[in-house]
Amino acid sequence: MLVIAMDGPSGSGKSSVSKGVARALGLRYLDTGAMYRAVTWWMLRQGVPLDDQAAMAARAGEPVLSVGTDPDAPSISVDGTDVAGPIRTGEVTGAVSAVAAVPEVRRRLVALQQEIIGTGGIVVEGRDIGTVVAPDAAVKIYLTASAEARAQRRSKELTGASVSATQADLARRDHLDSTRKTDPLARAADAVEVDTTSLTLSEVITEVVRIAKGADAGDAVREAVYGEERP
Ligand code: DC
């Protein structure tokens, strides 16, 4: 069962690359950031104060998440409500780092992610996949890009946001995500770093597929693609 862990900061291209690699190799796709965003949406809607870690921890077990893993139609709902749109609003984006820093929230979502991963080959994108969620993943990629390139990409996605304001917001989130105590954004020692700054999306996908077919992971990839067992 092939697991490809795709970590990296916001705007490094994780989502597009992960979906493209999943399609190329016939794997499922899991966006773990969407899960943190969904819990954040729920906390905001419930009026849970996001400056109160204990209050968030106490309610971390309540929202019921349902996550689809088709790379062509990823879906996410909370308590039966489709939240694919609402989790991309500025309100949720501005609040998600605070929620993702709560250990009880992480524990619950990591367990759910491991359950989903356990059912078959998958590309999983996030911040702590190669380090915490799937430390035994056959392929670990750490995507990076210059701060300018990441801000350019994000401001194109968010209509009306200036590049400089987006760059400042990314820097703030990177800092919060990398310095939190529980499972911070980190490159696994055995991850392959791919700098996407001057590559097109299809070049990055080709590169990741090439890495996945490389020496160490070759057997797992062959098994996923052709159904062959390891010798
Ligand atoms: O990838 P994204 O921007 O949708 O992620 C939203 C937030 O969730 C991000 O600020 C960090 C957090 N996150 C995390 O802490 N761990 C993950 N595995 C994925 C995302």
Side-chain angles (χ1 to χ4, degrees), residues 3-19 22 29-44 50 53 56-57 60 63 65 67 69 71 74-76 78 83-117 122-135 137 140-145 147 149-151 153-158 161 166-188 191 196:
V3 177
I4 300 182
M6 188 83 66
D7 290 304
S10 313
S12 56
K14 289 190 305 294
S15 297
S16 312
V17 173
S18 300
K19 283 184 225 166
Y29 159 72
L30 179 63
D31 176 1
T32 63
M35 298 169 75
Y36 288 95
R37 288 172 178 271
V39 173
T40 303
W41 173 87
W42 183 90
M43 294 276 178
L44 287 166
L50 300 190
Q53 284 236 354
M56 287 190 278
L65 266 62
V67 191
T69 55
S75 62
I76 182 143
V78 185
V83 293
I87 61 170
R88 305 290 163 194
T89 58
E91 189 191 14
V92 169
T93 300
V96 63
S97 290
V99 178
V102 178
E104 288 77 4
V105 170
R106 300 203 70 82
R107 210 171 300 141
R108 174 146 188 262
L109 292 189
V110 168
L112 189 53
Q113 290 154 15
Q114 289 173 335
E115 208 176 284
I116 296 168
I117 292 168
I122 194 162
V123 181
V124 188
E125 69 153 291
R127 304 291 190 290
D128 58 344
I129 309 306
T131 50
V132 176
V133 177
K140 296 184 186 177
I141 307 289
Y142 192 81
L143 285 189
T144 60
R150 292 165 49 212
R153 291 174 190 160
R154 266 291 144 104
S155 62
K156 266 192 210 145
E157 288 167 19
L158 312 164
T166 308
Q167 191 166 334
D169 182 59
L170 287 181
R172 180 188 68 85
R173 282 210 289 150
D174 284 354
H175 178 72
L176 290 171
D177 294 339
S178 318
T179 56
R180 67 166 176 248
K181 286 208 185 77
T182 312
D183 311 344
L185 165 66
R187 186 195 143 174
T196 69

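Counting starts at 1 for both ligands and their atoms, in listed order. Source: prediction; values computed, not measured.
A salt bridge links Arg88 with Asp31; the closest basic N to acidic carboxylate O contact falls under 4.0 Å. Ion pair Asp128/Arg180 not flagged as a salt bridge, since none of the NZ, NE, NH1 or NH2 atoms sits closer than 4.0 Å to an Asp/Glu carboxylate oxygen.
Distances shorter than 4.0 angstrom do not occur between any heavy atom of Met35 and any atom of ligand 1. Within the 4.0 Å heavy-atom cutoff, Gln113 does not count among the residues contacting ligand 1.
Using a 4.0 Å cut-off between heavy atoms, Arg37 contacts ligand 1 through its side chain alone, with no backbone atom that close. Using a 4.0 Å cut-off between heavy atoms, Arg180 contacts ligand 1 through its side chain alone, with no backbone atom that close.
On a distance-only criterion, Tyr36 and ligand 1 share no N/O pair closer than 3.5 Å. No N or O atom of Lys14 sits closer than 3.5 Å to an N or O atom of ligand 1. Looking at Asp31 next to ligand 1, no N or O pair under 3.5 Å apart turns up. Between Glu125 and ligand 1, a contact under 3.5 Å exists for no N or O pair.
Formation of a donor-acceptor pair under 3.5 Å by the Lys140 side chain with backbone atoms of Gly130 is found in this model. Between the side chain of Arg106 and the main chain of Ala100, a donor-acceptor pair closer than 3.5 Å is present.
Protein heavy atom nearest atom 16 (N) of ligand 1, with residue, atom name and distance: Arg106 NH2, 3.0 Å. Atom 12 (C) of ligand 1 has Ala100 CB, 3.9 Å as its closest protein atom, hydrogens excluded (heavy atom only). Nearest protein neighbour of atom 1 (O) of ligand 1, counting heavy atoms only, is Arg127 NH1, 2.9 Å. Nearest to atom 20 (C) of ligand 1 among the protein's heavy atoms is Gly33 CA, 3.6 Å. At the top of the distance list for atom 19 (C) of ligand 1, counting protein heavy atoms only, stands Thr32 OG1, 3.4 Å. For atom 18 (N) of ligand 1, the nearest non-hydrogen atom of the protein is Asp128 OD1, 2.8 Å.
For the 3.5 Å distance criterion, the side chains of Thr196 and Arg153 qualify, holding a donor opposite an acceptor. Arg187 and Thr131 form no side-chain donor-acceptor contact under 3.5 Å, judged by distance and modelled atom types alone.
Ligand-side atoms of ligand 1 in range of Ser97: 10 (O), range being under 4.0 angstrom from any heavy atom. Contact atoms of ligand 1 toward Gly126: 18 (N), 19 (C) (distance under 4.0 Å to a heavy atom of the residue). Each of the following atoms of ligand 1 lies closer than 4.0 Å to a heavy atom of Asp177: 9 (C), 10 (O), 11 (C).
Heavy atoms of other residues, nucleotides or ligands lying less than 6.0 angstrom from CD of Gln114 number more than 12.
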